[in-house]
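Here the structure is laid out as structure tokens; the discussion comes afterwards.
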Amino acid sequence: MTELCWTFRLEKETKGLQRAGLGEGIETHTVEIPVSYSKAQQAVAEIWQNMKPKFAVHLGIAPEAKCIILEQTAKNHGYKDRDVCGFSPANNCCIEEGLERLDSIICMKSLAKHFKGLGLDVIYSRDAGRYLCDFVYYCSLQYGQRRAALFHVPASGSLAHPETLVPQLQAIIQALLCQLDAYSISMQNQTGPREEECTRRHNTTNIVMCSGRLQRQWGPEC
């Protein structure tokens, strides 16, 4: 069974994606991530230890964004901004002795290129911002052996409306799952990932969609 886990901050979009579905055999779970470094790290660790998803999709708000941003890379150091509880991580670091950066096994650049070619407002990024989104992403990539993705979505504008955003996120996640299948097959065959090939299998795919309220003003009580 393959599970998809996502972290979502937006209730309407979460429910919209669950109603729309991601295709036959895709099982999804939703988790909300607190705006606290310590609680967020604990929540991400529990997702991978207890739920054991095949993949995690993290969604966060980028207030100034005008499009969907597909984040390739998470950084381990530089987390100086305080969370809603007034704390920053020890040594401004996600995981002590961890690598300086981690990349998703998904090629976000190829996804962005594909959907831009279809006329969608999508861009590729290697800098997720050094706050809770970036922090959560690094932890998830570490605990999940790079089987995670982070999408930043706009806070306002036409693309921020669920009626517009949900179908685009649905299409992007479905394409991501196709690439994940190709990657899994290539690893089994000890060859490079085949990004253009989609071989959707009929076994259940378990995905966790984690929604964190990743802006200070939306943080829970400490």
Side-chain angles (χ1 to χ4, degrees), residues 2-8 17 22-23 25-26 28 44 47-48 53-60 62 65-76 94-95 98-130 133-154 159 165-201 203 205-211:
T2 309
E3 297 190 352
L4 173 62
C5 174
W6 28 6
T7 58
F8 238 116
L17 272 167
L22 296 171
I26 308 297
T28 63
V44 173
I47 286 169
W48 288 105
K54 289 296 178 69
F55 202 82
V57 176
H58 302 272
L59 300 176
K66 304 299 182 184
C67 60
I68 299 172
I69 305 172
L70 309 185
E71 303 287 355
Q72 184 70 60
T73 304
K75 309 292 176 56
N76 194 21
C94 295
I95 297 177
L99 295 175
E100 178 55 34
R101 71 179 197 182
L102 291 173
D103 289 330
S104 173
I105 63 172
I106 299 300
C107 180
M108 301 298 175
K109 194 171 188 177
S110 68
L111 284 182
K113 181 179 179 181
H114 172 72
F115 284 103
K116 284 188 74 172
L118 297 178
L120 273 65
D121 291 326
V122 177
I123 64 172
Y124 159 80
S125 167
R126 297 188 71 91
D127 186 355
R130 298 301 205 290
C133 288
D134 205 351
F135 182 88
V136 165
Y137 193 26
Y138 185 94
C139 293
S140 193
L141 290 171
Q142 175 73 22
Y143 298 141
Q145 299 180 322
R146 303 193 302 122
R147 292 176 291 116
L150 169 62
F151 304 154
H152 271 126
V153 300
L159 187 55
L165 184 59
V166 167
Q168 295 196 23
L169 289 174
Q170 180 190 36
I172 292 169
I173 294 171
Q174 287 172 334
L176 177 155
L177 291 174
C178 289
Q179 194 180 126
L180 180 64
D181 273 353
Y183 177 87
S184 299
I185 292 172
S186 71
M187 292 300 291
Q188 292 172 4
N189 296 334
Q190 296 184 343
T191 61
R194 292 168 287 180
E195 295 172 1
E196 303 302 325
E197 191 173 328
C198 176
T199 53
R200 172 114 312 278
R201 292 172 299 214
N203 57 328
T205 300
N206 191 351
I207 302 179
V208 184
M209 297 176 289
C210 312
S211 93

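None of the values given here were measured: they were computed from a predicted structure.
The main-chain N or O of E71 is found under 3.5 Å from a side-chain atom of Y137 such that the two form a donor-acceptor pair. Put simply, the side chain of N76 never gets that close to the backbone of R101: no donor and acceptor are under 3.5 Å apart. At least one donor-acceptor pair under 3.5 Å links the side chain of S104 to the backbone N or O of A148. Checked by atom type and distance alone, the side chain of Q72 never pairs as donor or acceptor with a backbone atom of C107 at under 3.5 Å.
The line from CZ of F55 to CD1 of I106 is 4.5 Å long, rounded to the nearest 0.5 Å. Atom CE in M108 sits 10.0 Å away from atom CD1 in I172 (nearest 0.5 Å). In this structure, H114 NE2 and L120 CG are separated by 8.5 Å, a value rounded to the nearest 0.5 Å. L165 contributes atom CG, which lies 11.0 Å from atom CG of D121 (distance to the nearest 0.5 angstrom). With rounding to the nearest 0.5 Å, the separation of CG in D134 from CG in L150 is 7.5 Å.
Across all their heavy atoms, A56 and W48 have their closest contact at CB-CZ2, 3.6 Å. Scanning all heavy atoms of the two residues, the minimum distance from Y138 to C94 falls at CD2-CB, 3.5 Å. Residues K66 and L159 come closest through the heavy atom pair O-CD2, 4.0 Å. Residue I47 comes nearest to P53 through the heavy atom pair O-CD, 3.4 Å, listed as atom of the first residue, atom of the second, then distance.
Within a 6.0 Å radius of CD in E100, other residues, nucleotides and ligands contribute more than 12 heavy atoms.
At a threshold of 4.0 Å, the pair D103-R126 counts as salt-bridged, since one of the basic side-chain nitrogens sits closer than that to a carboxylate oxygen.
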